[in-house]
Colleague: 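Would you mind keeping the following structure in view while I ask a few things?
Values reported hereafter were calculated over all heavy atoms of this structure, with side chains retained and with hydrogens, waters and symmetry mates removed.
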Amino acid sequence: MNNFIYHVNDLDYSKKYLIKEADELEFKPFELPTKHNSFWDHVPTWLQGWVGDAAVDEVNRIKDVIAERTGSKEIRPRYYRQEANTSLPMHSDNGTKCCINILLSGEYAPIVFEDGFTQTSFHYECAILNIQRRHSVPAFPEERFLLKYSIFDIDFDEAVSGWINQGAMN
């Protein structure tokens, strides 16, 4: 295992249902609640679909599985669309300790993690990501569409350990 990504191959989900549930949501440009004069203040090419109280049975079923497997008690699901031919600069997420992302688009850009002077790219379909480490997403000719389960109470190592240990018990 590396310090950036853990590929999740044993989470049962339906891309079809997740995409259908996303179709019911309104997507808006990402915006920081408090402006910092940075790229992230308002990003019209990085669209967020808030799940909130929407009728998203598949999203919530997966959230329950993630909570059980990782031990997290503070998980918030959100959909994201990164428009084609746009990039997200190198950053680490603020407030979110780690996340589980499920890629819903067919072809998509990799996530790139920075480690000192080295950058490593990863493609994944479903993974636990250490988003406290600096990462970016390069431009790609097709939209990147994903469901992100932001985890606020446990870090990457705890989430991976819980995922592995609970999986071994089942």
Colleague: State whether the number of non-hydrogen atoms from other residues, nucleotides or ligands found under 6.0 Å of Tyr17 atom OH is greater than 12.
Modeller: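 No - once you tally the heavy atoms of other residues, nucleotides and ligands closer than 6.0 Å, there are 12 at most.
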Colleague: If you look only at pairs with a residue in residues 49-78, which of them pass as a ring-ring contact (aromatic ring centres under 6.0 Å, His included), with sequence neighbours excluded?
Modeller: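 Listed by first then second residue: nothing to list.
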Colleague: Transitively linked via ILVMFWY side-chain contacts under 4.5 Å: Leu11 with Val51?
Modeller: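 Yes, because Leu11 and Val51 connect within a single hydrophobic cluster, where side-chain heavy atoms sit under 4.5 Å apart.
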Colleague: Using atom types as modelled and distance alone, determine if a side-chain donor or acceptor of His36 lies under 3.5 Å from a backbone N or O of Thr34.
Modeller: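 The answer is yes, because a donor-acceptor pair under 3.5 Å joins these two groups.
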Colleague: Tell me, with the steps shown, if Leu147 and Tyr80 meet side chain to side chain contact (heavy atoms under 4.5 Å, CB included).
Modeller: CA-CA 6 Å; Leu147 174 57; Tyr80 287 93; over 6 Å; no
Colleague: Residues two or more places apart in sequence or in another chain: which of them pass salt bridge (charged side-chain N to carboxylate O under 4.0 Å, His left out) with Arg78?
Modeller: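 Not a single residue meets the salt bridge (charged side-chain N to carboxylate O under 4.0 Å, His left out) criterion with Arg78.
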Colleague: So, for Arg61 and Asp12, which heavy atoms are closest and what is the spacing to 0.1 Å?
Modeller: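 Looks like NH2-O, 2.7 Å.
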Colleague: From Leu18 CG over to Ile102 CD1, what is the distance, rounded to the nearest 0.5 angstrom?
Modeller: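 Going from the CG atom of Leu18 to the CD1 atom of Ile102 covers 5.5 Å.
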Colleague: Should Tyr79 and Leu47 be counted in the same cluster of Ile, Leu, Val, Met, Phe, Trp and Tyr side chains packed under 4.5 Å apart?
Modeller: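 Yes, because Tyr79 and Leu47 connect within a single hydrophobic cluster, where side-chain heavy atoms sit under 4.5 Å apart.
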Colleague: Got a sec, which pairs hit ring-ring contact (aromatic ring centres under 6.0 Å, His included) with one end in residues 55-76, sequence neighbours left out?
Modeller: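 Applying ring-ring contact (aromatic ring centres under 6.0 Å, His included) to every pair that reaches into residues 55-76, excluding sequence neighbours, yields nothing.
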Colleague: What are the two closest heavy atoms between Phe27 and Ala22, and how far apart are they?
Modeller: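 Between these two residues, the closest heavy atoms are CE1-O, 3.6 Å.
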Colleague: Quick one: do the Ser161 and Asn165 side chains pair a donor with an acceptor below 3.5 Å?
Modeller: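 Side-chain D/A pair, Ser161 to Asn165: present.
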Colleague: Salt bridge (charged side-chain N to carboxylate O under 4.0 Å, His left out): which pairs involve residues 115-131, sequence neighbours left out?
Modeller: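 Sorted result for residues 115-131: Lys15-Glu125, Asp115-Arg133.
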Colleague: Please list all pairs passing the side-chain hydrogen bond (donor to acceptor under 3.5 Å, both in side chains) test where one or both residues lie in residues 91-112, with sequence neighbours left out.
Modeller: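 Passing the test, one end in residues 91-112: His91-Asp93, His91-His135, Asp93-His135, Asp93-Lys148, Asn101-Tyr124.
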Colleague: Considering residues at least two apart in sequence or located in another chain, which fulfil the side-chain hydrogen bond (donor to acceptor under 3.5 Å, both in side chains) criterion with Glu83?
Modeller: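 Glu83 satisfies side-chain hydrogen bond (donor to acceptor under 3.5 Å, both in side chains) with no other residue.
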Colleague: Test of understanding: with side-chain hydrogen bond (donor to acceptor under 3.5 Å, both in side chains), list the residues that count as partners of Asp155, not counting sequence neighbours.
Modeller: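 Asp155 satisfies side-chain hydrogen bond (donor to acceptor under 3.5 Å, both in side chains) with no other residue.
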Colleague: Do the side chains of Phe152 and Ile131 join up, straight or via other hydrophobic residues, at under 4.5 Å, putting them in one cluster?
Modeller: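 Per the 4.5 Å side-chain linkage, Phe152 and Ile131 are not co-clustered.
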Colleague: If every non-hydrogen atom of Pro138 is compared with every non-hydrogen atom of Pro110, which pair is closest and at what distance?
Modeller: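 In terms of heavy atoms, the two residues are closest at CD-O, 3.3 Å.
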Colleague: For the atom pair OG (Ser150) and CD (Glu74), what is the distance rounded to the nearest 0.5 Å?
Modeller: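 Here the rounded value is 10.0 Å.
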Colleague: Under the rule for salt bridge (charged side-chain N to carboxylate O under 4.0 Å, His left out), what residues qualify as partners of Glu158, not counting sequence neighbours?
Modeller: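 Salt bridge (charged side-chain N to carboxylate O under 4.0 Å, His left out) check on Glu158 returns nothing, list empty.
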Colleague: When you measure from the side chain of Asn130 to the backbone of Phe156, do you find a donor-acceptor pair of N or O atoms at a distance under 3.5 Å?
Modeller: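 Such a contact is absent between Asn130 side chain and Phe156 backbone.
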Colleague: For the CG atom of Asn9 and the SG atom of Cys126, what is their distance to the nearest 0.5 Å?
Modeller: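 Interatomic distance, Asn9 CG to Cys126 SG, rounded to 0.5 Å: 8.0 Å.
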Colleague: Would Ile164 and Ile62 show up in the same hydrophobic cluster when neighbours are defined by side-chain heavy atoms closer than 4.5 Å?
Modeller: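 As far as the 4.5 Å side-chain criterion goes, Ile62 and Ile164 are connected within one cluster.
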Colleague: Not counting sequence neighbours, which residues clear salt bridge (charged side-chain N to carboxylate O under 4.0 Å, His left out) with Glu31? List them please.
Modeller: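 In terms of salt bridge (charged side-chain N to carboxylate O under 4.0 Å, His left out), with neighbours along the sequence ignored, Glu31 is linked to Lys35.
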Colleague: Please answer: with hydrophobic residues joined when any side-chain heavy atoms are less than 4.5 Å apart, are Phe140 and Val137 in the same cluster?
Modeller: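 They do not share one cluster, since no chain of ILVMFWY contacts under 4.5 Å joins Phe140 to Val137.
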Colleague: Closest approach of Phe145 and Ile19, non-hydrogen atoms and distance?
Modeller: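 Here Phe145 and Ile19 meet closest at CE2-CG1, 4.0 Å.
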Colleague: Over all heavy atoms of both residues, which pair between Ser87 and Gln82 is shortest? Give the atoms and the distance, please.
Modeller: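 In terms of heavy atoms, the two residues are closest at CA-NE2, 3.6 Å.
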Colleague: Could you please spell out the steps behind the side chain to side chain contact (heavy atoms under 4.5 Å, CB included) verdict for Asp153 and Ser72?
Modeller: CA-CA 6 Å; Asp153 59 342; Ser72 174; 2.6 Å; yes
Colleague: Test Arg69 against Asp10 for salt bridge (Lys or Arg N to Asp or Glu O under 4.0 Å), laying out the working first.
Modeller: CA-CA 11 Å; Arg69 291 283 303 265; Asp10 59 346; 3.0 Å; yes
Colleague: What residues form a side-chain hydrogen bond (donor to acceptor under 3.5 Å, both in side chains) with Ser121, not counting sequence neighbours?
Modeller: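 Residues passing side-chain hydrogen bond (donor to acceptor under 3.5 Å, both in side chains) with Ser121: none at all.
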Colleague: Please check if the side chain of Asp57 supplies one atom and the backbone of Asn60 the other of a donor-acceptor pair under 3.5 Å.
Modeller: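 Not confirmed, Asp57 side chain does not pair with Asn60 backbone.
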Colleague: Which residues pass the salt bridge (charged side-chain N to carboxylate O under 4.0 Å, His left out) test with Glu21, not counting sequence neighbours?
Modeller: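 In terms of salt bridge (charged side-chain N to carboxylate O under 4.0 Å, His left out), with neighbours along the sequence ignored, Glu21 is linked to no residue.
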Colleague: So, taking the atom named SG in Cys99 and the one named CG in Leu129, what distance separates them when rounded to the nearest 0.5 Å?
Modeller: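 Here the interatomic distance stands at 4.5 Å.
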Colleague: So, taking the atom named CG in Leu103 and the one named CG in Leu146, what distance separates them when rounded to the nearest 0.5 Å?
Modeller: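 Between atom CG of Leu103 and atom CG of Leu146 there are 5.5 Å.
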Colleague: Working to the nearest 0.5 Å, report the span between OG1 of Thr45 and CZ of Arg81.
Modeller: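 Interatomic distance, Thr45 OG1 to Arg81 CZ, rounded to 0.5 Å: 13.5 Å.
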Colleague: Locate the shortest heavy-atom distance separating Ala159 from Cys98; write the atom from each residue and the value.
Modeller: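 Ala159 and Cys98 have their closest heavy atoms at CB-SG, 3.8 Å.
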Colleague: Test the Arg76-Tyr149 pair against the cation-pi criterion, namely NZ or CZ under 6.0 angstrom from the six-membered ring centroid and within 45° of the ring axis.
Modeller: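 No.
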Colleague: Please enumerate all residues that pass ring-ring contact (aromatic ring centres under 6.0 Å, His included) together with Phe4, with sequence neighbours excluded.
Modeller: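 Phe4 satisfies ring-ring contact (aromatic ring centres under 6.0 Å, His included) with Phe113 once adjacent residues are dropped.
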